[in-house]
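Here is how names work: the chains are called A, B, and so on, in the same order as the sequence lines, proteins then strands, and each is numbered from 1.
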Amino acid sequence: MIARVIVDVPSRATDRPFDYGIPDAMSGWVEVGSRVGVPFAGRVLQGFVIAIVPFAEVDSKKLKPIAELLDHLPPLSPDLVELAQWISDKYCCALTTALQAMIPSALKGKADSVVTLAEEAEASDGRLIEVADEPWLHYVRQSGGEVRLALLQERFPGAAASIKAAIQRGTLEERVSIRDRLAVRKVLTVFPPENPAEAEASIAAASSRAAKQQEVARYMLEHREPIPLAALAQALSMTTGTIRGAEEKGWILIRETVQQRDPYAGRGFRRTEPLSLTEGQQAVYDELAEALDNESSRVFLLHGVTGSGKTEVYLQAIERCLKDERQAIVLVPEIALTPQMVERFKGRFGDSVAVMHSRLSSGERYDEWRKIREGRAQVTVGARSAVFAPFKRIGLIIIDEEHESSYKQEESPKYHARDVAVWRARQHNALVVLGSATPSLESFVAASASRGQEADGNASPSVKRGATLLPMPDRVGGRPLPKVHLIDMRDELKGGNRSMFSRQLHEALLLRLERGEQSVLLLNRRGYSTFVMCRSCGYTAQCPHCDISLTYHQKSKALRCHYCGHAEQAPEVCPSCESEHIRFFGTGTQRVEEELAKLFPGIRVIRMDVDTTTEKGSHEKWLTQFGNREADVLLGTQMVAKGLDFPYVTLVGVIAADTSLHLPDFRAAEKTFQLLTQVAGRAGRHELPGEVVVQTYNPEHYAIVSSQHHDYSSFVQEELKHRRFMAYPPFCRLILVTLSHEQLALLISEGEKLASTLRDLARAAGVKSSDDGDGSRFIDILGPVASPIPRMKDRYRFQCMIKYRGNVGASDLLKQAISLLSGTNGQPPVTMSVDVDPQVIL
DNA sequence: CTTCCGGTGAGT
DNA sequence: CTCACCGGAAGG
């Protein structure tokens, strides 16, 4: 049989299967989804088997055998391979890129050479025959005649030529293989003896000299449970030597065992029982349960206001799914994946939960992944990439806060977890449940269309239909949504208040301090940043490699570029006009913190932003402190808006609601509405009633007014009008192509070429190029224009936007156009990055 | 994306 | 005749 392999070279030329023979020793082990090492262009590369076929496409002379099989259990299953193919097609990326995205990074092996000293090189007296006095040769001999080539090169940097010569001559034999970045963690573990009766007799017969060793043996006979060597030594306060002594006498066993890194080890999760559901929850649950029983793939949009108890519905639906021996995936936005959230799932489903998020080390993530792969977990809670969890039989995929833009991956493969989930669910006849208090317009339109309640008569036919809307309009326990006060900051200024706190917010904060209640303050950070500006000439510090302002880091007193990492010393005087009035504007949150300290002496503030949460576990630490009421105010950026649930929070303040409103992104209003609604939902979730104060300069804007009244549907009506008028999603779809090159002129001409080729192809396919507003199909190619960041890492950037509606084969046209581009004779080629359904247009 | 290979031209 | 360098094609 022949294995068709995708090699790990992410370029267009190699993005196709290559055939390899399966050696007899591996037959039966190599499967679709296996990870293998294969010879390719004179080296060994990692690859994935995507098919096993009886005949090769090339003649057998060219065919080479697979060099090695990298795992016992294939890391991917045939359904994931199929999914990868869909992703590579839909999101225009190399198949290997999609495949790689599905496995933990610990498994991304790189080729590594091991050199062995050939036997002929040694004479009978042990002296080396060929090159006697090379120091590296002695080193190889000392290491048992075998050593990693990389290590040898590292130890003997000057010996490259002589090592190479030795390999060519055959003195050294080179063997190439793929080494994983990380193996399972092994630990020495003590076991009770195989034959307890025999051991017991032997212990009794032993002299009193080995008292300590006898103690070890008796302990193991009594407890019976395997225990890590180090832990036992500590428990009995002795050294491991004593325990090893007991092993030598045959009283106990010491073996290497695979240790599971459990990031949540030693943390007790209080077991919870299903709560009784409210009427609203029950109705939703019933519908999900029935759909689960039908075992056909469906998509539900669970539109529940904040505090309506969506999580309990998820938990019970999962329970139902598990009873049926099917597994469940829960996706949560990265920043909402708080210990609180994890606790709810661990508390209900215990050890059968695997947790996956970016704050785990790569080893921890690998172990959680294996827990799923080996069938020891039935539920996974994780960020975006958990949609690829290697379960065998998925019954349910839940996407909480489905509107979050973090479900879109910004690097290749630029997939949207929501779309991947829908596709994967179809493979498994599983349900997708999209949950949100503020659904994305795309999902909402898809769900309304299927219900026959047209959200808009002209909703695009390209919008996927067939989602079922499940509304949950009431909060659990009949608690009212918090009252939202809009404060017009223009009036504050007129009234002579130049502080960043309105009088009302000031008073509200004071009241919480008096009552000992807590407040959450949100700084809508987009628009603020930490930059340097000269107050006399207006100079701002720019990155020399990217067209972007440098950010100021207070700790290191340095200026840094976010995009390329360039760093320089912060200047003392303006480099342009030599004025001393150069100012460093700190993060917005820093400024707010300072002002709070000034206005409310003794106030305890926890500040959460990129500066204070980069350290591992810091995020968690702050939230625990706040939960323990060790602070009065939790101040932060978007991360304080999501998923937090603290009973003593009765005030939410939004310092400036509109900083995100006027960004040049068609989703600006939607993002603002979502953020305000989410953060308002943090107040008054328990017994104490909540209050929200929103400061704004645009109190009439529909996004702000709708959020004041918690009125999703009027926001949607208004926003859909704008989107339709401007022909933006969900009334069309977008593909953003970014081109970059060192040379501006070449970049522009290549960009023009791409755009005109695309236009020609579209015309030839008979698709009209403008939107008639009647919902019919069209494809429009905009640009090329300079990207929002026109230069990054010394490369200029231009972009084309493809806007289309209906089944026009847009990505096929694009792929065709890219392949038609005639090289750049002599110059390095223009790099192109394709973003299908981009979330951030900025 | 690397590596290989054949072609060229300068150097021994 | 050898060697370094380059550009283009192939990689199973």
C1' gap between B:dG6 and C:dG12, integer Å: 22 Å

Atom pair distance, as rounded to whole Å: [atom1] in [X] and [atom2] in [N]:
{"X": "A:Asp8", "N": "B:dT2", "atom1": "CG", "atom2": "P", "answer": "11 Å"}
{"X": "A:Arg12", "N": "B:dT2", "atom1": "CZ", "atom2": "C1'", "answer": "17 Å"}
{"X": "A:Lys64", "N": "B:dT3", "atom1": "NZ", "atom2": "C1'", "answer": "11 Å"}
{"X": "A:Lys108", "N": "B:dC1", "atom1": "NZ", "atom2": "P", "answer": "18 Å"}
{"X": "A:Gln100", "N": "B:dC1", "atom1": "CD", "atom2": "P", "answer": "16 Å"}
{"X": "A:Phe40", "N": "B:dT3", "atom1": "CZ", "atom2": "C1'", "answer": "10 Å"}
{"X": "A:Asp19", "N": "C:dG11", "atom1": "CG", "atom2": "P", "answer": "12 Å"}
{"X": "A:Leu45", "N": "B:dC4", "atom1": "CG", "atom2": "P", "answer": "12 Å"}

Just checking [X]: base, sugar-phosphate only, or nothing, at a heavy-atom cut-off of under 4.0 Å?
{"X": "A:Lys62", "value": "base"}
{"X": "A:Tyr20", "value": "sugar-phosphate"}
{"X": "A:Pro10", "value": "nothing"}
{"X": "A:Arg16", "value": "base"}
{"X": "A:Ala13", "value": "base"}

A:Arg370 to A:Tyr366 six-membered ring, cation-pi geometry met (6.0 Å, 45°): yes

Side-chain heavy-atom pair A:Leu107, A:Asp71 within 4.5 angstrom cut-off: yes

A:Ile103 and A:Phe388, any side-chain heavy atoms less than 4.5 Å apart: no

A:Val9 or A:Gly42, whichever maps to the more 5' nucleotide of DNA chain B: A:Val9

A:His545 and A:Asp794 side chains, donor-acceptor separation under 3.5 Å: yes

Worked verdict on A:Asp780 versus A:Ser769 for side-chain hydrogen bond (donor to acceptor under 3.5 Å, both in side chains): CA-CA 5 Å; A:Asp780 189 7; A:Ser769 66; 5.6 Å; no

